[in-house]
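Below is one structure, written out as structure tokens; comments come after it.
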Amino acid sequence: MSTHISDTLQALQNELPAEVRLVAVSKFHPIEMLKEAYNAGQRIFGESRVQELVQKVPQMPSDVEWHFIGHLQRNKVKQIVPFITLIHSIDSIELLREVERQAALANRTISCLLELHVAQEVSKFGFTPQTLFDMLHSNEWHKMEHIQFCGLMCMATNTDDTSEIRQEFHLAKQTFLEAKRRFFADTPSFKELSMGMTDDYPIAISEGATMVRIGSKIFGPRNY
Ligand SMILES: *Cc1c(COP(=O)(O)O)cnc(C)c1O
């Protein structure tokens with residue numbers, strides 16, 4: 001097998017600031033590639049489809065941290081609640097309610113990020129800054145005892161215009177700071193900003209990302 005994966009992980013670890021965590025996005029890639037990354041020291045893996053994730057989990061060592069990064073349908077929450085470490089993609093109050101409900105049934109507390117829509121594409125999920133603050137203002141989330149609020153996640157527009165991307169990441173950071181100040185000042189876990197993918201992670205880091213989600217740079221192109 002090629003050494004591409006371990007070499008790239010090594011290079012990334014040298015490049016990323018110590019406080020930025022790397023989520024290796026392994027969606028659509030075969031288990032052998034995940035094992036190669038694991039053997040190179042990678043422990044956090046990101047997947048975006050429930051079916052694929054639940055098939056991969058039993059094939060990997062138990063100290064892997066699984067992160068869910070894709071759009072999550074409510075009727076599939078139950079399948080990932082037993083093992084998931086972090087859900088990056090909470091994009092509605094209804095989804096949050098279902099995670100709370102399933103987490104309570106499973107007697108777990110689930111760490112979650114709220115997904116912020118800052119990109120120009122209409123197709124992407126998430127709260128706008130306004131709908132995020134409206135939701136937080138409603139106070140319902142306060143009563144969710146099985147959810148640990150850990151911060152925000154966002155995706156930038158898929159564009160070559162780096163100033164556009166930078167603006168979007170900057171808005172995400174400002175929104176994070178405002179949410180922290182207004183609603184999560186007494187929540188130490190609310191400290192993560194998940195942003196940056198293969199093509200834009202250096203910009204994301206310079207705008208304050210604490211987690212980057214990198215797939216194709218590590219594993220190569222995906223075969224859909
Ligand atoms: C696929 C995906 C990534 C990784 O994308 P790459 O361009 O391959 O690095 C990151 N975040 C989310 C939400 C994704 O769906």
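Each ligand, and each atom within it, is numbered from 1 in the order the structure gives. Basis for what follows: all heavy atoms, side chains included, without hydrogens, waters or symmetry-related copies.
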Could you say whether the N/O atoms of [X] and ligand 1 ever approach to under 3.5 Å?
X: R222; value: yes
X: T198; value: yes
X: G215; value: yes

* Atoms of ligand 1, numbered as shown, that sit under 4.0 Å from any heavy atom of I214 ->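 Atoms satisfying the 4.0 Å criterion: 9 (O).
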Are [X] and [Y] linked by a side-chain donor-acceptor pair shorter than 3.5 Å?
X: S206; Y: R166; result: yes
X: E115; Y: S89; result: no
X: K76; Y: Q73; result: yes
X: E19; Y: T210; result: no

* Under 6.0 Å between the ring centres of F190 and F176? ->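 Yes - the distance between ring centres of F190 and F176 falls below the 6.0 Å cut-off.
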Top protein contact for [atom], by heavy-atom distance:
atom: atom 13 (C) of ligand 1; value: I69 O, 3.5 Å
atom: atom 11 (N) of ligand 1; value: R213 NE, 2.9 Å
atom: atom 10 (C) of ligand 1; value: M197 SD, 3.4 Å

* Please say whether more than 12 non-hydrogen atoms of neighbouring residues, nucleotides or ligands are located less than 6.0 Å from NE2 in H71. =>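 More than 12 within 6.0 Å, yes.
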* To do: Between S216, P221, C154, flag the one that comes closest to atom 7 (O) of ligand 1 by a heavy atom.
  =>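 Closest candidate by heavy-atom distance is S216.
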* To do: Find out whether L136 and L114 are in side-chain contact, i.e. whether some heavy atom of one side chain is under 4.5 Å from a heavy atom of the other.
  =>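 Contact flag for L136/L114 side chains = yes.
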* Asked: Do the numbers put R49 on top of the ring of F28, so that NZ or CZ is under 6.0 Å from the six-membered ring centre and no more than 45° off the axis?
  ->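 Relative to the ring axis of F28, which defines the angle, R49 lies inside both limits.
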Considering only heavy atoms, does [X] approach ligand 1 within less than 4.0 Å through its side chain, its backbone, both, or neither?
X: S48; value: neither
X: K27; value: side chain
X: H88; value: neither

